[in-house]
Amino acid sequence: MAEKKPYYITTAIAYASGKPHIGNTYEIVLADSIARFKRFEGYDVRFQTGTDEHGQKIELKAQEKGMTPKEHVDQVAGEIKRIWDLMNTSYDKFIRTTDADHEKQVQKIFKYLYDKGDIYKSEYKGMYCTPCESFFTESQLIDGKCPDCGRPVTPAKEEAYFFKMSKYSDRLIQYIEEHPEFIQPKSRENEMMNNFLKKGLQDLCVSRTSFRWGIPVDFDPNHVVYVWIDALTNYITGLGYDLDGNHAETFHKYWPADLHLIGKDILRFHTIYWPIMLMALDLPLPKKVFGHPWLLQGDGKMSKSKGNVIYADDLVDLFGVDAVRYFVLHEMPYENDGVITWELLVERINSDLANTLGNLVHRTLSMTNKYFGGIITNTKVTESVDEELKAYTKETIKKACEAMDRLHVADALTEIFNLFKRCNKYIDETTPWILGKDESSHPRLNTVMYNLCDSIMVGASLLNSFMPETAASIANQLGTPLKDLCDLDINQFPSDHKVVEKPEMLFARLDLDEVMKKVEELSSAAEETEEYPEVEPKAEITIDDFDKIQIQVGEVLECEKVKKAKKLLCSKIRVGKEVRQIVSGIALSYKPEEMVGKKVAVITNLKPAKICGIDSQGMILAAGEDADHLSVLTLDKDMLPGTEIC
RNA sequence: CGCGGGGUAGAGCAGUUGGAAGCUCGUCGGGCCCAUAACCCGGAGGUCGCAGGUUCAAGUCCUGUCCCCGCAACCA
């Protein structure tokens, strides 16, 4: 037999700052179903996932928790791995960027690129805010001051290493043009080309000195390797890549990757930076990068601060692994974002899993037991409807494979469930309960039951990649093993074969009210442990420092949206005798007419600046971090506009 | 005039090269009773965002316009 063709698929590595939610979890399940399907098709699959464990955020997070960064990432990586396992994902390799062999290769790669001249040492020229320990470019500055804390910044330079992106950009443009399959979905390709590549790439800063938790640049220990080279290279180091050429066998076998599966938000890094790094290393580029859509809850992207996070383990507790896998895979179109709500979840589970599939298996097995004591014999008393069912079954195999080839996972699932629906229809067409009444019809009845079991087995074998537990349960109840694609065909079900005596329900129907009750319990439990906002402490100031800021009461006289800007409102505000024009980024939280008449706190001695081309003379104070959940400061008692606040 | 995607039945979505508007859920009516009040059939419901244009023929191509959403910018 010919050697199996290799297939290498990866997910993005998860950032180990906290627990992943269902949106993150979607990616690993999607990758898993593709990996399993490729194995089913006969490929020698390698499926890699892992965690990205360096960086300042993790350093800080660990500090807050009173842990070392290593302790922190060990804990989070364990948690992520637990959830990946809970979702029943079949990854072959879980790489961590803190793995010793990964770190070693990253250092070698960095050094090699430096020696080669693709990485050069330069400096970050910019303005530095000492208390914030941050650099800003001129354009980021607010009124010449730190955009975070508003304090003065000093011109400073920080040493950093840069990667010469522009050197390779023409080659990359050519590659993308010659490989239309490379960036998926296609619409994203234009975005990358027009927004970045054709505009000209800026050199990429690839080292940092502002934090320590990273892989040290071994020839310049003040620097740590910044995320790009550290994280992206996991795809090759995880295969045993060695810069000196002593690659592990797995690297020879599996590189270049067949598919990098990533969220659409990081497509840029994977279709621009990563290919360029590979070019610099003289390695072939991955064959395909697919930026999958997001799973949104209700009408917004899930985020902690919105308090609408759904975690995979809660869902699994409530519905079971396969129901969750089914939902996320099925509800996710190829290109547009998918929506997850409790109502939709319950609807899908009831109608597809319980009614169509669960009930089909149950009624089939019940009948074979009722009429034949569970023994199925292919008596070959056929009618024309049988051929229709068989043709449909065969066609489903083909259609599912085609859909998977195009990575249209949801469509493949739909095809499989259409087969189950066709089976239900077949039962109505053949009316086994009538055949069962008359002893002389039993040979025909036997063939009907045989055909049903045969098609269900085909369906279950196809379903195995998406819902492994369910497929296994069906196979178990039918008493025959699942098949791989090469053996998958109609009329392969064994004859004179005994199925399980007491069929089990695969999925119970759910009551939405009961589910919502449980959800309430969960969310109220979560509320108790809700964290207060995390605010980075700023350096202590004196009363004199504070005194430099002049805050006054301002009355909003007029207010309108700034065209061309999504978040900006432009207000005319009375402060004492004068009326100022102030632009503020609160349009997502306030409508212009809401603002009119409000008396708000205004910083009045801020140097005027232009925002989106409009003059702004001051700043309205507001609380909140998310642009769509801001609250402007108003006054408890009525005061005249212009009154000083101190 | 920064780049790109989208507006199709109550909801969620398909509609490949222009050739009789589809799917799932819901809803209404019927059938069936093996089965998890499940299954099967049928009906109602859309001037395919709006306005023009090309064509024998446009959801599908062109122009203009309104509204949503990404990316970029910006958030005083």
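In what follows, chains carry the letters A, B, and so on, assigned in the order in which the sequence lines appear, proteins first and then strands, with residues in each chain numbered from 1. Since we're looking at a predicted model, the values are computed, not measured.
Nucleotide B/rG46 forms a pair with no other nucleotide shown, judged by Watson-Crick or G-U wobble geometry with both contacts under 3.5 Å. With a 3.5 Å ceiling on both atom-pair distances, B/rU17 lacks any Watson-Crick or G-U wobble partner. Searching all strands for a Watson-Crick or G-U wobble partner of B/rC71 with both distances below 3.5 Å returns B/rG2. Pair check for B/rC32 finds none; no Watson-Crick or G-U wobble contact set falls under 3.5 Å.
Side-chain atoms of A/Ser33 never come within 3.5 Å of backbone atoms of A/Leu329 as a donor-acceptor pair (strictly under, hydrogens ignored).
Judged as a side chain to side chain contact (heavy atoms under 4.5 Å, CB included), and not counting sequence neighbours, the contacts of A/Gln581 are A/Cys570, A/Lys572, A/Ile614, A/Asp615, A/Gln617. Applying the side-chain hydrogen bond (donor to acceptor under 3.5 Å, both in side chains) test to A/Asp405 and every residue at least two apart in sequence or in another chain returns nothing. Contacts of A/His497 classified as ring pair (Phe, Tyr, Trp, His ring centres under 6.0 Å), with partners at least two apart in sequence or in another chain: A/Phe493. Here A/Lys421 pairs with nothing under the side-chain hydrogen bond (donor to acceptor under 3.5 Å, both in side chains) rule; sequence neighbours left out. A/His260 is linked by a side-chain hydrogen bond (donor to acceptor under 3.5 Å, both in side chains) to A/Thr10, A/Trp274, counting only residues two or more places apart in sequence or in another chain. Listed by chain and residue number, A/Glu644 satisfy the side-chain hydrogen bond (donor to acceptor under 3.5 Å, both in side chains) test with A/Gln550 (two or more places apart in sequence, or in another chain).
Shown for residues 429-453 of chain A: residues whose heavy atoms fall under 4.0 angstrom of RNA chain B, namely A/Trp433. At a non-hydrogen distance threshold of 4.0 Å, A/Glu347, A/Arg348, A/Ser351, A/Ala354, A/Asn355 from residues 343-356 of chain A come into contact with RNA chain B.
The separation between A/Arg363 atom CZ and B/rA38 atom C1' is 8 Å, rounded to whole Å. Rounded to a whole Å, the CD atom of A/Glu415 is 14 Å from the P atom of B/rC23. Residue A/Leu506 contributes atom CG, which lies 13 Å from atom P of B/rU36 at whole-angstrom precision. Regarding A/Lys370, its NZ atom lies at a distance of 5 Å from the P atom of B/rC34, rounded to whole Å. As a whole-Å value, the separation of A/Ile427 CD1 from B/rU36 C1' is 13 Å. Look at CE on A/Met367: it is 9 Å from P on B/rC34, rounded to the nearest Å. Atom-to-atom, CG of A/Asn418 to P of B/rC25 comes out at 10 Å; the value is rounded to the nearest Å. One interatomic measurement links the two molecules: NE2 of A/His330 to P of B/rC25, which rounds to 10 Å at whole-angstrom precision.
One C1' atom belongs to B/rG70, the other to B/rA21, and the distance between them is 29 Å to the nearest Å. B/rC62 and B/rG6: their P atoms are spaced 12 Å apart (whole Å).
Contacts of A/Asn424 with the nucleic acid, taken as non-hydrogen atoms under 4.0 Å apart, involve only primed sugar atoms and P, OP1 or OP2. Among the atoms of the strands shown, none is found under 4.0 Å from any heavy atom of A/Leu360.
Counting only N and O atoms by type, the side chains of A/Asp386 and A/Tyr426 include a donor and acceptor under 3.5 Å apart. Side-chain contact, A/Glu415 with A/Thr396: no donor N or O sits under 3.5 Å from an acceptor N or O.
Residue pairs meeting the salt bridge (charged side-chain N to carboxylate O under 4.0 Å, His left out) criterion with at least one member in residues 349-378 of chain A, sequence neighbours excluded, are A/Arg348-A/Asp352, A/Arg363-A/Asp428.
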